[in-house]
Q: 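The structure's right below; bear with me while I get my questions together.
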Protein chains: 2
Amino acid sequence: MPKRNLTTSKKAGAAAKRIDAPLRAARVAKVSVICAEAERQFAQYGFEGASLDMIAQTLGISRQNLLYYFPSKELLYIQVLDNVLNEWRLRMDGLVSGSNPEAAVRDYIRAKLRFSAERPAGSQVFAREVMAGMPRFREAMMARAMPAMNADVKTFERWADAGLVARLDFRHLLFSIWASTQAYADMAPQFACMLGKASLDEEDFERARVVITRQMLAALKPD
Amino acid sequence: MPKRNLTTSKKAGAAAKRIDAPLRAARVAKVSVICAEAERQFAQYGFEGASLDMIAQTLGISRQNLLYYFPSKELLYIQVLDNVLNEWRLRMDGLVSGSNPEAAVRDYIRAKLRFSAERPAGSQVFAREVMAGMPRFREAMMARAMPAMNADVKTFERWADAGLVARLDFRHLLFSIWASTQAYADMAPQFACMLGKASLDEEDFERARVVITRQMLAALKPD
DNA sequence: GTCTATATTCAGATAGAC
DNA sequence: GTCTATCTGAATATAGAC
């Protein structure tokens, strides 16, 4: 538990804020770089496989110093997952709405693929947590991802009522979009390997976008 | 290194075979149940997260006894991955061929989804290995999965030449089929959670099959 | 906030008796 | 083939000095 010295902690209101501001900012910045590196290593090695020692070493700090900011490995892990889910929602929320299904689906796929391209580690940490049976993040999932999905399903159903799209099982349609787009983060090493290159580039993501978009729009086309 | 005693190891030809047969059969059976349990635990906890102690305990044998059959954790892991890749190919090989694209795609998706339903752990171990950057199974992947993919891509291109299917980037089409179908193994806990149940059942897989098949066939329809 | 030192637990692997 | 005993290394976490 971090405790500021009496000199600052005793002061209240504006004065305290003025003094604490730079301290807090430094702390926030450090916490942020720790989370970024932890995300990378949890993604590659998993919760048990990653070690606080390695993470600290990569950052050039001591393991004990890391434990000063995050009292335990598990809390660091939870924080990483929380950040991922937050940015996920930030990027995806409200994309499926309005009255233009085609534009919505195009944007949705584009946003998800961009997330895969820009934040592959976040997606992988999430995938590993899911495969483990969501032992540490089930409630957060239920509370935050489920409402978002249900809202999207409802929107699709309204579109189907209006005859704008075919009537499919939209839950599984969403699963399929998630799977296809997230795979370009989670399975990137395999895909790159099979394309004969070291890693996926912008063109690969663009080609993926074209194919996946075509699939979804074609499937949604009213009979 | 296992060494049979002199009495049997000295004998050669048919006599030795007759004596060794039951021994070997017992060994093969034991190796098989060890692999099955290891697959389950590697799937759930990952390579580093799974422990030989836990695997042995679940099987009711000692860790040392387990190490008698597999000299190291890594060799056990490699064996598990090898088995997965083998059964994968056994089920999928040659499905994309002939002159009926629609039937081929339907069968391919059906077979992949069946694998996800029947062998989810195998798929998950594979996914974890990929996310780790394929540190222990890259050559095997390259040597065995890549030729299979290239053959399938060539078949699709022949179909496109004949005007039977639209001309897409078939590599990414295959990635998308893999992703959508494997997700019903790898992401099963998440999907089940979002469908409000403990685990996916036959009906879920059937609904997934309908949606995914529709996507792929619609995308492949010539313009 | 950062460091040194240490407690504790647990994992993989080997040796050798039976 | 299976067991007991043991070696070795690594990891999380805590205590306390500065």
Side-chain angles (χ1 to χ4, degrees), chain A residues 1-9 19-35 37-38 41-42 44-80 135-136, chain B residues 1-9 16 19-35 37-38 41-42 44-80 132 135-136:
Chain A
M1 179 88 59
K3 274 201 174 129
R4 271 165 278 125
N5 63 52
L6 291 178
T7 317
T8 57
S9 66
I19 290 175
D20 284 0
L23 290 176
R24 280 185 211 270
R27 187 188 177 89
V28 167
K30 190 151 186 184
V31 161
S32 165
V33 302
I34 290 174
C35 281
E37 183 57 31
Q41 301 207 17
F42 281 137
Q44 186 167 0
Y45 307 111
F47 177 77
E48 294 89 354
S51 82
L52 298 181
D53 243 327
M54 267 281 265
I55 294 170
Q57 195 184 327
T58 309
L59 292 168
I61 64 175
S62 68
R63 172 180 75 256
Q64 294 84 346
N65 190 223
L66 200 171
L67 281 166
Y68 169 75
Y69 290 97
F70 293 92
S72 79
K73 188 186 192 181
E74 182 145 351
L75 285 176
L76 172 57
Y77 177 79
I78 300 267
Q79 184 63 59
V80 166
R136 289 174 251 262
Chain B
M1 182 85 63
K3 276 202 174 137
R4 270 165 280 126
N5 64 53
L6 293 176
T7 319
T8 56
S9 67
I19 291 175
D20 284 358
L23 290 175
R24 281 185 211 269
R27 188 186 178 89
V28 167
K30 191 151 186 184
V31 162
S32 166
V33 301
I34 290 174
C35 281
E37 184 56 30
Q41 301 207 18
F42 281 136
Q44 187 168 0
Y45 307 111
F47 177 76
E48 293 89 354
S51 81
L52 298 181
D53 243 326
M54 267 281 266
I55 296 170
Q57 194 184 327
T58 309
L59 292 168
I61 64 175
S62 67
R63 174 178 74 255
Q64 295 84 347
N65 191 224
L66 200 171
L67 281 166
Y68 169 77
Y69 290 96
F70 293 92
S72 80
K73 190 187 193 180
E74 181 146 351
L75 285 175
L76 172 58
Y77 176 78
I78 300 268
Q79 183 65 58
V80 166
R136 290 174 250 263

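Every chain is numbered from 1 and lettered A, B, ... according to where its sequence line falls, protein lines coming before strand lines.
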Q: Output the rounded distance in Å from CD (A:Gln57) to P (C:dC3).
A: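 Checked: the CD to P distance equals 13 Å.
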Q: Please report, rounded to the nearest Å, how far the P atom of D:dA13 is from the CD1 atom of A:Ile55.
A: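 Distance check: A:Ile55 CD1 to D:dA13 P gives 11 Å.
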Q: Expressed as a whole number of angstroms, how long is the span from B:Tyr69:OH to C:dA13:C1'?
A: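 These atoms are roughly 18 Å apart.
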Q: Who pairs with A:Tyr45 by ring-ring contact (aromatic ring centres under 6.0 Å, His included), at least two apart in sequence or on another chain?
A: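 None.
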Q: Working to the nearest 0.5 angstrom, can you tell me the gap between A:Gln57 CD and A:Leu66 CG?
A: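 A:Gln57 CD to A:Leu66 CG: 12.0 Å, rounded to 0.5 Å.
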Q: From CD1 of A:Ile34 over to C1' of C:dT2, roughly how many Å is that when rounded to an integer?
A: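 Roughly 12 Å, once rounded to whole Å.
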Q: Going by the rule side-chain contact (heavy atoms from CB on, under 4.5 Å), which residues pair with B:Glu37 if we only count those two or more places apart in sequence or in a different chain?
A: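 Checked B:Glu37 against side-chain contact (heavy atoms from CB on, under 4.5 Å); matches are B:Arg40, B:Gln41, B:Ile55, B:Thr58, B:Leu59.
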Q: Would you list the pairs meeting salt bridge (Lys or Arg N to Asp or Glu O under 4.0 Å) in which at least one residue belongs to residues 65-76 of chain B, sequence neighbours left out?
A: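 Counting only pairs at least two positions apart or across chains, the salt bridge (Lys or Arg N to Asp or Glu O under 4.0 Å) contacts touching residues 65-76 of chain B are B:Glu74-B:Arg136.
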Q: So which one's nearest nucleotide on DNA chain D is more toward 5', B:Ala26 or B:Gln64?
A: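 This one resolves to B:Ala26.
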Q: With B:Tyr69, which residues qualify under ring-ring contact (aromatic ring centres under 6.0 Å, His included), at least two apart?
A: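 For B:Tyr69, no residue satisfies ring-ring contact (aromatic ring centres under 6.0 Å, His included) once neighbours in sequence are set aside.
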Q: With the side chain of A:Tyr68 defined as its heavy atoms from C-beta on, choose the nearest nucleotide among D:dG1, C:dA13, C:dG1.
A: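 Shortest atom-to-atom distance from the side chain points to C:dG1.
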Q: Grab the N/O contacts between the protein and nucleotides 9-12 of chain D below 3.5 Å, and write none if there aren't any.
A:
residue	atom	partner	partner atom	Å
D:dT12	OP1	A:Leu52	N	3.1
D:dT12	OP1	A:Lys73	NZ	3.2
D:dT12	OP2	A:Leu52	N	3.2

Q: Just how far, in rounded Å, is C1' of C:dT4 from CD1 of A:Ile61?
A: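 Nearest whole value for this atom pair: 16 Å.
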Q: List the residues meeting salt bridge (charged side-chain N to carboxylate O under 4.0 Å, His left out) with B:Arg63, not counting sequence neighbours, and say none if there are none.
A: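 In terms of salt bridge (charged side-chain N to carboxylate O under 4.0 Å, His left out), with neighbours along the sequence ignored, B:Arg63 is linked to B:Asp53.
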Q: Quickly work out the B:Asn65 CG to C:dA13 P distance and round it to whole Å.
A: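 One finds 15 Å between P of C:dA13 and CG of B:Asn65, rounded.
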Q: When you measure from the side-chain N and O atoms of B:Ser62 to the phosphate of D:dT2, is any distance below 4.0 Å, counting only OP1 and OP2?
A: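 Indeed not, no polar side-chain atom of B:Ser62 lies that close.
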